[in-house]
Amino acid sequence: MSLVSAFRELFEPILTELAADRAKVPDYLAMIKPAANADHGDYQANFAMALGKALGQKPQDVAKAIIAKLPPNEWLESATVAGPGFINLKLKSAYLADRVRQIAQDTRLGVTPAAKLRTFVIDYSGPNVAKPLHVGHLRSTIIGDALVRILRFCGHTVIGDNHLGDWGTQFGILIYGYKHHRDEAAFQVDPVKELARLYIHVRNLAKVTGEEDEGGGEVMEACRAETAKLHAGGEENVGLWKKFMPACLEMLRPIYDRLDVKIDHALGESFYNPMLAAVVDDLLAKGIAVESKGAVVVPNAKGVVPQNDEQQAKEEPPALIRKRDGAFTYTTTDLATIKYRADTWKPDAMLYVVDARQALHFKTLFANAKRWGYDNTEFQHIAFGSILGRDKKPYRTRDGGTVELSALLDEAAKLGLQGYEASYAERTTHGHEVAELSPAVKREIAETVGYGAVKYADLSGNRTSDYIFDYDKMLALEGNTATYMQYAYARCRSIFRKGEIDETAFHAKLPAVVITTPQERALVVQLLKLPEAIESAATEYLPHHLTGYLWDLAKAYSVFFEACQVLKAETPELRDSRLVLVDLVARVIRQVLNLLGIRTVERM
RNA sequence: GCACCCGUAGCUCAAUUGGAUAGAGCGUCGGCCUCCGGAGCCGAAGGUUAUAGGUUCAAGUCCUAUCGGGUGUACCA
């Protein structure tokens, strides 16, 4: 149980007795929060102002009356009224020590499963197969993976689904290339490599640099014709599509392995293709979809289908589900997907981790899904901003090309290794004894630090805003970065190595915790806030609440580390007590980084 | 035109969803540390939260208007 819930249990009977409107008690209880300022105690209750207003009494008096009714207990040091009626709550150090030892004995570090267990489908990553993964897929993949891990840790059932773009123009390119430019021998030996070559080759022939749905001259015309034949069910092209798909999926695997991301399902656009006609028929039959301008559309979120130019200028557009030429659109696919997911997994919520620019699409989609009958499902567009370069324009390579994920990760690992080597050199010149590590271990450090930096940079800001991709900042040794957290972890581990602690024995008979300094106390309070941080990240779908927590923890640990000798503590009891804290800090950092998809190393 | 997002310290970002004196990192200035990993610690300067109103006991947060920036907007996904 978290500390807030403990406080809420304590105050609930008193508020129920006092409140004019009992229905508001949960709202009042929600007003118990960690203290904004450490001078005000550990937690603060802000309900006396609202309650005083409702009762027509002075908030300070209400606060005093509530404090007077608190039952005797072992854990509250003080409850005092301050300012307009804040109740400042301070916990007894002995109680904190006891609680922290309890969570140190818990493999889940005191985090209990969520009160209401739900089933989530999370749609994330969604690359176009047959093309290399590029920087545009990074955020969806990383944020989606973090949410999967966080919600699972909370005990929820989570189904991750990679909604692949596996039915688009890129297959026209591959089919065209295969028919006219293939090296059959090369294809036999390594289809993945040959298809990748063909894709680039044809794009170069057509001189396409960006989007491939328009322009590109005769070559692209031919490619689009091949795509059309595929979509029309042409036997030859469908056969080629089936032949290419395994190789295309194989192309994606190395990147996901490097990112340490495993997605449960990969049901792409092609999977839903056979269902689309029936979706349109059903929506028409139910009167949700209508014909407009020769196409079939579903109305906008307000339920309106603009009928003339004037309306069109001030209304949101409807969503097309069947174009004039008879082809279906991604809205059709998305509706079919919702139906399939609902039928198959019966989720309570469906989350879409997709670029913020698609907000209007999802607004319209969700409104129509609800009209269609899925009105008991929570739909969420987990929107995120764009990745920009230092010039604040979309992040690109120096010559203006798309940044491929493999190159990006190579660079991050390279810089991770440089960081290690710089640290090694500096410590050696300071006369420290530094262990000589094998090339394999060094590579692991490089990748853990490099990839961790990329992920953490992405997850540590508010997801909805754009962020500037900057290797120097994300790999910085100070500030709120993965590197800093990994370093804090390594320092903790170093203490156990240096002290030659037998960890198995240590954990088997965990020493008592005693709090003797303000720094120890602050660290313990921060450790005990872990459940609240995880709950907040899970219910708001905001991973950066976890990085914020880690940052506060790392700072509290630094202050503690500076002020409190561990191995050379004054007494053996104090040494053991502090070792419990050091061990717990390490485990909390490792666990929270794990929830973000980031690894730790013992030395760096 | 309409809709959505954003505007917080020189820069990059927070602010526990309406709570107390708006906080961190970088950068700047000053101090500490022969000590378990100096990738450290303490302190200072830096703000009319774009602007003007409004709601509230309480507003960076909610409402209205204005200014400035971004994004989207009927047959790509």
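Since this is a predicted model, take the numbers as computed values, not measurements. Below, chains carry the letters A, B, ... as their sequence lines are ordered, and counting in each starts from 1.
The same atom, C1', is picked in G10(B) and in G70(B); the two are 23 Å apart, to the nearest Å. Here, U51(B) and G7(B) have their P atoms 13 Å apart, quoted to the whole Å. Distance noted for atom P between U49(B) and G23(B): 13 Å (whole Å). U34(B) and C11(B) are spaced 38 Å apart, taking the P atom of each and rounding to whole Å. Spacing between U64(B) and G47(B) at atom C1', rounded to whole Å, works out to 25 Å. Using atom P as the reference point in both C6(B) and C13(B), the two lie 14 Å apart (nearest Å).
Under the Watson-Crick or G-U wobble criterion, with both distances below 3.5 Å, A44(B) is paired with U28(B). In this structure, U16(B) forms no base pair with any nucleotide, since neither Watson-Crick nor G-U wobble geometry is met with both distances under 3.5 Å. C36(B) is unpaired under the Watson-Crick or G-U wobble criterion, no partner having all donor-acceptor distances under 3.5 Å. Base pairing annotation: A50(B) forms a Watson-Crick or G-U wobble pair with U66(B), both donor-acceptor distances under 3.5 Å. Under the Watson-Crick and G-U wobble criteria, each requiring two contacts below 3.5 Å, nucleotide U73(B) is paired to G1(B). Checking U55(B) for Watson-Crick or G-U wobble geometry (two distances, each under 3.5 Å) identifies no partner in any strand.
Side-chain proximity of Lys314(A) to A77(B), C2(B), A74(B): nearest is C2(B). Considering only side-chain atoms of Gln44(A), the nucleotide from G37(B), A20(B), U17(B) that sits closest is A20(B). In the set A39(B), C75(B), G19(B), C75(B) carries the atom at the smallest distance from any side-chain atom of Leu320(A). Taking the side chain of Pro84(A) as heavy atoms from C-beta on, and the options G19(B), U16(B), C75(B), the nearest nucleotide is G19(B). When distances are taken from the side chain of Glu562(A) to each of A39(B), A74(B), C41(B), the shortest belongs to C41(B). Nearest nucleotide to the side chain of Arg603(A), out of G40(B), U16(B), G37(B): G37(B). The side chain of Lys323(A) sits closest to C76(B) out of C76(B), U17(B), A77(B). Closest to the side chain of Lys33(A), out of A74(B), A3(B), U17(B), is U17(B). Nearest nucleotide to the Met49(A) side chain, out of A3(B), G19(B), U71(B): G19(B). Which of A77(B), A74(B), G19(B) sits closest to the side chain of Val297(A) comes down to A74(B).
Among the heavy atoms of the strands lying under 4.0 Å from Arg324(A) is at least one base atom, whether or not backbone atoms are also near. Among the protein residues, Ser536(A) comes within range of no part of the nucleic acid, since none of its heavy atoms lies under 4.0 Å from any strand. Among the heavy atoms of the strands, none lies under 4.0 Å from Glu532(A). Residue Met474(A) is classed as having no contact, given no heavy-atom separation below 4.0 Å to the nucleic acid. Contacts of Lys498(A) with the nucleic acid, taken as non-hydrogen atoms under 4.0 Å apart, involve only primed sugar atoms and P, OP1 or OP2. Nucleic acid contact for Pro317(A): sugar-phosphate only, since backbone atoms but no base atoms lie under 4.0 Å from a heavy atom of the residue. At a threshold of 4.0 angstrom between heavy atoms, the contacts of Ala319(A) with the nucleic acid are absent. Nucleic acid contact for Cys564(A): base, since at least one base atom lies under 4.0 Å from a heavy atom of the residue. Within the nucleic acid shown, Ala383(A) has no heavy atom closer than 4.0 Å to any nucleic acid atom.
A donor N or O paired with an acceptor N or O is not found under 3.5 Å between the base of A3(B) and the side-chain atoms of Glu315(A). For Asn46(A) and A58(B), a side-chain-to-base donor-acceptor distance below 3.5 Å is absent, hydrogens and geometry of angles not being considered. Taking only distance into account, the side chain of Ser558(A) never meets the base of G40(B) through a donor-acceptor pair shorter than 3.5 Å. For Ser386(A) against G70(B), a side-chain-to-base donor-acceptor contact under 3.5 Å is absent. One N or O donor and one acceptor, one from the side chain of Ser292(A) and one from the base of A74(B), sit under 3.5 Å apart.
Both thresholds, 5.5 Å between centres and 30° between ring planes, are not jointly met by Phe561(A) relative to the base of G40(B), so the two rings are not stacked. Once the 5.5 Å centre distance and the 30° plane angle are applied, the aromatic ring of Phe86(A) is found stacked with the base of A20(B).
Relative orientation of the Phe366(A) and Phe379(A) rings is parallel, given thresholds of 30° and 60° on the angle between their planes. Between His137(A) and His134(A), the two ring planes are tilted [angle within 30° to 60°]. Under the 30°/60° scheme for interplanar angles, the aromatic rings of Trp551(A) and Tyr484(A) are found to stand perpendicular. Phe362(A) and His381(A) have tilted rings, their planes meeting at an angle from 30° to 60° on a 0 to 90° scale.
Per the geometry, CG belonging to Leu360(A) stands 11 Å off C1' belonging to A74(B), to the nearest Å.
In this structure, Lys90(A) places its NZ atom where only 12 or fewer heavy-atom neighbours from other residues, nucleotides or ligands lie under 6.0 Å away.
Base orientation of U51(B): anti, the glycosidic angle falling outside 90° of 0.
Ring centroid separation for the pair Phe271(A) and Trp167(A) does not come in under the 6.0 Å cut-off. Here Tyr330(A) and His361(A) bring their ring centres to under 6.0 angstrom of each other.
Between Pro543(A) and Ile143(A), the shortest heavy-atom contact is CG-CG2, 4.5 Å.
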Expected list for residues 313-320 of chain A: side-chain donor-acceptor pairs under 3.5 angstrom, two or more places apart:
from      : atom 1 : to        : atom 2 : distance (Å)
Glu315(A) : OE1    : Asn300(A) : ND2    : 3.4
Glu315(A) : OE1    : Lys302(A) : NZ     : 3.4
Glu315(A) : OE2    : Lys302(A) : NZ     : 3.4
Glu316(A) : OE1    : Lys363(A) : NZ     : 3.4
Glu316(A) : OE2    : Lys363(A) : NZ     : 2.7

Nucleic acid footprint by protein, nucleotides 6-15 of chain B - heavy-atom cut-off 4.0 Å, B for base, S for sugar-phosphate alone: ------SSSS
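The closest donor-acceptor contact from the side chain of Arg139(A) to the backbone of Ile387(A) lies at 3.5 Å or more, if one exists at all.
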